[in-house]
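Heads up, the thing below is written out as structure tokens.
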Number of protein chains: 2
Amino acid sequence: MNIDDAAARLEALGNPTRLKIYRTLVRAGEEGLPVGKLQQRLDVAASTLSHHIKALVTVGLITQTREGVTLHCRANYPLMRGLIDFMVEECCAEGTCAPGGPVKLPREAA
Amino acid sequence: MNIDDAAARLEALGNPTRLKIYRTLVRAGEEGLPVGKLQQRLDVAASTLSHHIKALVTVGLITQTREGVTLHCRANYPLMRGLIDFMVEECCAEGTCAPGGPVKLPREAA
DNA sequence: TCTATATTTCGATTATTCTAGAAATACCGT
DNA sequence: ACGGTATTTCTAGAATAATCGAAATATAGA
């Protein structure tokens, strides 16, 4: 993943509503959720939701498949993994930030 | 880390210039870089750079310490680690996205 | 105190993003 | 073809963000 793609994906996740959409889909598991269910859970106008979903689809973080009259949305785990790999490899000191890894603090904590 | 803090930090990293600033600081290692060096490397107006650095400092991703006339900037690794942990824990399926972990693709890759 | 260097703040401009109502489209069942 | 549900596109307003030059501030040294 190049730095501009990474930035675009981070930006997509960097909006509270979109991050909640993504997290809700992850929690829904493998089969995902239709747009309508997302709307119920997140309490946002349909047009606004559609707008944010489109942003996530555009950068590849979620995928959609039409199933009859509903549109199922699913988190794209491999892409998220690629993004996390980018952050670990490009934005961390030698293994210092890898989750589950050692917690050698280079400086004081946040 | 709560979801709004995570979103704010992802948004901060979701701008190409800011992501480059952060990555440049990571690559500079433990001692970081003064603002002026960052400006040389990133080729951006001083006022624009200052603006972006401030955004990163505000969300805690970088720290600054004045050393005489220069201002040293350093990546805050523990905070980045916290952000990555958030993404793995809240935005990934059961261990599927942990870097270095197994690559069980839940669906087709990106 | 004066000068030089480093960096930020101010101010203004332009561009982008967020929001949501209304209208349009897509699909299915009858 | 019609009617109903699901979702998107259109449109527009308000809010936020990005950019950068000019002026201001901070620090050190002579």
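Note that the structure is predicted; figures quoted are calculated from it, not measured. Chain letters run A, B, ... following the sequence lines, proteins first and then strands; every chain starts at 1.
Checked for salt-bridge contact, R74(B) and E67(B) meet the test: a charged N lies under 4.0 Å from a carboxylate O.
For the OP1/OP2 pair of dA18(D) and a distance below 4.0 Å, the side-chain nitrogens and oxygens of H51(B) include at least one atom meeting the criterion.
Within 4.0 Å of A46(B), counting heavy atoms only, lies at least one base atom of the nucleic acid. No contact: E67(B) has no heavy atom under 4.0 Å from any strand. The residue T70(B) sits close only to the backbone: its heavy atoms come under 4.0 Å of sugar-phosphate atoms, none of a base. Base contact: S50(A) has a heavy atom under 4.0 Å from a base atom.
Of the candidate nucleotides dT5(D), dA18(D), dT27(D), dT27(D) has the atom lying nearest to any side-chain atom of V69(B).
At least one donor-acceptor pair closer than 3.5 Å links the side chain of T24(A) to the backbone N or O of K20(A). Checking side-chain atoms of N76(B) against main-chain N and O of G60(B) turns up a donor-acceptor pair under 3.5 Å. T58(B) places a side-chain N or O within 3.5 Å of a backbone atom of K54(B) that can act as its donor or acceptor partner.
Between R66(B) and G68(A), the residue anchored closer to the 5' end of DNA chain C is R66(B), taking for each the nucleotide with the nearest heavy atom. Along DNA chain C, the nucleotide closest to Q39(B) and the one closest to T48(A) are compared, and the more 5′ of them pairs with Q39(B).
The NE2-P distance, from H72(A) to dT8(D), rounds to 13 Å in whole Å. We find that CG of L38(A) is positioned 9 Å from P of dT7(D), with the value rounded to whole Å. Rounded to an integer number of Å, the gap from I53(B) CD1 to dA18(D) P is 14 Å. In this structure, the CD atom of Q40(A) is 12 Å from the C1' atom of dA6(D), given to the nearest Å. Atom CG of L71(B) is separated from atom C1' of dT27(D) by 11 Å (rounded to the nearest Å). Following rounding to the nearest Å, Q64(B) (CD) and dT27(D) (P) show an atom-to-atom distance of 13 Å.
By the 6.0 Å contact criterion, CG on D43(B) is open, its count of non-hydrogen atoms from other residues, nucleotides or ligands being 12 or less.
Rounded to the nearest 0.5 Å, atoms CZ (R27(B)) and CZ (R41(B)) are 10.5 Å apart.
Proximity of I53(A) to L38(A): side-chain heavy atoms (C-beta onward) are separated by under 4.5 Å at one or more points.
Extent of DNA chain C lying under 4.0 Å from chain A heavy atoms, first and last nucleotide in 5' to 3' order, is dT17(C) to dC28(C).
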